[in-house]
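Accompanying notes for the structure given below.
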Amino acid sequence: MAADSDPESEVFEITDFTTASEWERYTNTPALLMIYCCFHNEDEDKAPGEITSSSWEENTQEINFADFKFSITHHCLKQESAENESREEAEEDVCPLALQDLLCMNNDFPPRAHCLVRWFGVREFVVISPGANCEAVRRVKCLLLCCSYSYSDVNYGLVPLFVQIQQKWRKMYAGECQGPGVQTDFEMVHLRKAPGQYTHLSGLLDIFKNKMSCPLTPLPPISISIRFTFVLQDWQQCSWPQQPPDFDALLAGEVGGVEFGKLPFGACEDPISELHLATTWPNLTEGIVVDNDVYSDLDPLQAPHWSVRVRKADNPQCLLGEFLMEFFKLCCRKESTEEILGRNPVEEEGKENSDITQALSKLTEPAAVPIHKLSVSSMVHSARKRMRRHRRTEESPLNNHVLNSILLYLFPDAALDKTDLSDVKSTQHSPGGKTEPDRESEDYHLYNQLKSAPSDSLTYRLALCVCMVNFHHGGVRAVAHLWQEFVLEMRYRWENNCLIYGLACGAPDLRCCLLHQKLQMLNCCIERKRARDDGGKSGASDRSRLGPESAGPAEVSPGKSWDSWSDSEEEFFECLSDTEEMKETESEKKTANKSKAEGRLQPHGKLTLLNSPEPLFIPVTQEPAPMTEDLLEEQSEVLAKLGTSAEGAHLRARMQSACLLSDMESFKAANPGCCLEDFVRWYSPRDYVEEEGADEAGQTVIRGDLSTRMKIPGNMWVEAWETAKATPARRQKRLFDDTKEAEKVLHYLALQKPSDLTLHLMPCVLHAALLKIKEEEASEDIASVRKALQQVTAHASKLLRHPNPDFKKLEDLILQMSAVEAVIARARSLKAKFGIAGGEREEDADELERFVSCLLEEPEVSVVGAGRGPAGNIIHKLFVSSQRAALLAPLEDEAGRSGGTDDRKTVPDFPPPAGREVLLRTCVPRPAPYSKALPQRLFCVLLRDEFRLAGAFSSDTSFF
């Protein structure tokens with residue numbers, strides 16, 4: 001009892017009824033969103049007829065009730081008209097905009113819109129749809145009533161509200177729209193099969209009249225709009241314009257530059273799968289047209305309005321896109337060339353006989369020969385291994401004919417000693433099919449943007465050959481075989497001093513891909529080697545008859561390099577070894593420097609040496625070493641690792657002064673008795689400052705001196721000048737060791753896997769694909785393709801400049817090119833079907849071209865003149881030929897020749913409509929005769945496996 005009387009033991013529960021419950025928050029969320037939407041759009045001037053031309057705006061918000069999720073979405077048509085600065089307040093009896101849309105005839109049968117827009121014609125509405133939880137479907141039905149009350153409270157029920165019910169695939173909605181004294185209910189019926197009595201207009205009118213329950217005895221006139229859709233799938237009259245590739249000529253005929261220089265283009269199948277013809281009868285009345293189960297006035301040829309849409313094939317197989325995608329798949333292969341083709345037989349023989357250096361010692365050894373080496377089984381095993389090797393070489397991925405054709409296309413200069421010169425010139429065509437590419441055109445310089453290679457270069461042709469070999473001749477094994485042969489050809493040309501065909505002379509072009517730079521570097525090494533060899537031969541023959549000063553300065557241009565100086569008396573030697581340098585004493589060098597000047601190019605104007613009256617000569621110098629972008633990157637990394645210390649800076653300066661030291665030695669050899677000031681006057685005139693002054697006699701003289709930076713203690717120029725010896729360029733250590741650099745390039749090429757080769761050649765392949773698309777588009781003149789090509793080119797230029805591009809982005813780029821190819825293929829397919837290339841009149845041809853271009857750009861195109869226009873006549877013929885082919889009936893000309901016309905009359909011109917749409921509208925007073933006349937609407941859809949009725953029925957709620 002004591003515990004019960006304790007006041008602290010009593011517990012009181014307090015319920016706060018002012019806090020919003022979960023259900024209240026659940027029903028209030030749609031109302032808040034509607035308030036926001038109505039305030040957001042209150043200044044927009046909604047003009048009818050803009051459903052198809054304008055874009056739609058969607059705002060979505062998630063709402064929850066307990067553990068059920070719903071999404072509420074506000075759909076609104078964006079208006080292009082200017083906003084009203086001031087808007088008067090709405091009148092009390094204003095009709096909601098949704099009710100005006102029910103009667104608007106400008107928005108009938110929109111080609112692309114939300115299903116509710118097509119069924120009810122509304123331009124602004126809210127949809128509440130359940131989440132993935134199926135149990136939420138039953139709770140959604142009660143939401144409509146709750147939201148309608150919340151809308152009426154805030155006075156913003158002028159926008160229709162729809163709630164999705166039942167399964168989502170059925171697209172069933174229940175809706176409501178409230179206004180001042182007006183309420184519209186949106187109802188729907190969905191069946192799999194249409195009842196027999198409701199498959200025609202008369203039965204649908206009965207449903208509409210019974211649903212309205214109009215108390216007036218003569219019913220107001222009912223406006224009727226009808227659309228029949230016919231589907232054409234069989235193109236019997238039109239042949240597919242894509243010519244199949246000539247595989248026989250590709251595999252067994254003359255390949256040369258014609259076949260290997262072109263990429264395939266076009267679709268392997270018809271990219272247009274179906275043609276949908278919509279025949280429309282707008283704004284009819286009940287007494288004008290008859291359509292029942294016995295008779296129908298609805299003849300498609302008599303329809304006043306025709307519209308056409310085409311259904312595109314899903315992912316059509318396009319030749320160019322397939323080529324590019326198969327080539328791209330090689331990037332994911334990780335096998336090396338040896339793993340794909342197997343070990344080289346020469347290497348295997350060398351491995352077996354690797355102990356040949358110890359043959360003499362083994363012969364003199366007292367040890368006995370192992371018995372298993374002399375057994376029959378060992379001999380048979382070794383014989384089988386050799387047989388397998390020979391069989392593997394005979395079964396190479398590329399047969400000799402195809403391989404020789406490819407190599408002849410890549411290196412047409414190799415046929416000079418085999419064929420006539422005229423035959424070789426025919427193989428030197430550009431890959432695009434033109435004999436000589438226009439080097440001033442924008443397309444030729446496209447490689448600068450894509451970092452690929454010029455369209456007339458060896459790298460570009462190699463990319464096309466690798467792409468075709470991969471697709472037609474064995475995949476990755478054929479690519480590895482071709483690359484192996486290509487590397488062998490590069491080594492052969494290096495060892496035999498043969499310049500590489502299809503490469504520009506000079507240093508590597510850093511604007512091109514790395515593989516092209518490597519090939520240019522190898523070509524530059526061959527040029528240096530040939531110049532050195534030619535100089536050695538000419539020097540040996542001229543040394544006996546030419547004096548040291550026999551080369552006149554007027555015979556040489558100022559910009560002449562050492563490579564072009566090889567035919568003079570100068571001889572370019574290899575680097576002298578230390579032992580050879582020891583043979584020449586210091587006294588001999590001094591006497592030689594005083595008595596003979598070597599390596600002179602030409603006098604440097606009227607300048608003379610400061611310490612003697614001898615003219616100052618420009619020496620013959622070595623060219624700086626050419627470098628590829630990977631070598632430049634390596635050099636920059638090495639220099640960056642030296643740090644910022646004084647010792648590191650000094651070492652960095654010495655590494656960068658190799659060319660300076662070589663020029664100083666050449667200058668000393670050409671100008672005996674010169675000083676550093678003489679060298680600076682020629683090499684860096686800005687560092688030699690001249691000033692006017694007076695001498696002892698008072699006369700004005702010009703005196704010169706080195707600049708301030710040249711007088712800094714420890715200056716690298718001073719140190720290099722002190723260490724430089726009077727050595728002409730031909731006797732110096734080479735700045736560019738062509739033998740070493742060529743072997744590095746050949747080793748780099750030999751180590752490339754097929755995947756690495758694919759990445760190197762990918763810019764060239766995409767470059768060729770863009771040129772091919774541009775060439776094909778020029779004959780079609782499609783504006784959307786030109787715009788897409790600009791976007792693809794910009795995307796590719798950003799992507800391909802990265803040394804390691806993202807594979808996913810590369811694949812997306814190839815898919816974009818395939819999409820552009822498909823658009824061009826669709827244009828050609830439509831032009832072939834509508835006979836634009838035929839002999840139509842000029843006016844009809846222009847109209848058909850506009851019609852085809854609109855079909856490619858727009859979802860649905862109106863046919864000018866309906867069935868009596870040029871396009872309508874062609875569409876009619878397409879349906880007639882398809883019908884006769886389906887029913888095995890003779891064509892019109894065949895029936896005329898045979899004299900029979902009964903079969904032709906019995907075959908209908910059009911198949912049964914695949915879809916029927918009927919729209920019924922009127923204004924009647926409901927529910928009493930004295931009520932306000934309000935819009936009523938019923939949209940009917942009759943398909944083969946679907947029957948749908950979508951009705952909007954309005955009632956006057958002023959006195960009810």
Verdict with reasoning, S273 to Q233, per side-chain hydrogen bond (donor to acceptor under 3.5 Å, both in side chains) | CA-CA 6 Å; S273 59; Q233 296 177 331; over 6 Å; no
Give the intermediate values and the outcome of salt bridge (charged side-chain N to carboxylate O under 4.0 Å, His left out) for residues E326 and K329.
-> CA-CA 5 Å; E326 290 297 326; K329 291 178 182 178; 3.4 Å; yes
Test V117 against R123 for side chain to side chain contact (heavy atoms under 4.5 Å, CB included), laying out the working first.
-> CA-CA 7 Å; V117 177; R123 288 170 287 170; over 6 Å; no
Apply salt bridge (charged side-chain N to carboxylate O under 4.0 Å, His left out) to K831 and E780, showing your working.
-> CA-CA 10 Å; K831 287 183 179 180; E780 304 299 333; 2.9 Å; yes
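Under 4.0 Å is where a charged nitrogen must lie from a carboxylate oxygen, and between E858 and R309 no such pair does. For the pair R786 and D781, the salt-bridge criterion is met [side-chain N within less than 4.0 Å of a carboxylate O].
Side chains of S225 and R921 form a contact here, defined as non-hydrogen atoms less than 4.5 Å apart. In this structure the side chain of E124 never reaches within 4.5 angstrom of the side chain of V122, judged on heavy atoms. The shortest side-chain heavy-atom distance between D945 and R192 does not fall under the 4.5 Å cut-off. Between Y460 and L771, some side-chain heavy-atom pair lies under the 4.5 Å cut-off. Residues R227 and S307 form a side-chain contact, since some pair of their non-hydrogen atoms from C-beta on lies under 4.5 Å apart.
Not a single donor-acceptor pair under 3.5 Å links the side chain of D297 to the backbone N or O of V289. The backbone N or O of K877 sits less than 3.5 Å from a side-chain atom of S881, completing a donor-acceptor pair. Using modelled atom types, no side-chain atom of E821 and backbone atom of I773 make a donor-acceptor pair closer than 3.5 Å.
Residues F323 and H472 bring their aromatic ring centres within 6.0 Å. Separation of the F851 and F834 ring centroids falls under the 6.0 Å cut-off. For H276 and F230, the ring centers are positioned 6.0 Å apart or more.
Judged purely by distance below 3.5 Å, without hydrogens or angles, the side chains of E58 and T73 never pair a donor atom with an acceptor atom.
The aromatic rings of Y447 and H767 sit tilted relative to each other, their planes meeting at an angle between 30° and 60°. Between F109 and F939, the angle of the ring planes lies from 30° to 60°, which puts this pair in the tilted group.
A313 and R826 make their closest contact through O-NH2, 4.5 Å (heavy atoms, listed as atom of the first residue, atom of the second, distance).
When the ring pair (Phe, Tyr, Trp, His ring centres under 6.0 Å) test is applied to H75, the partners found at least two apart in sequence or on another chain are H114, F125.
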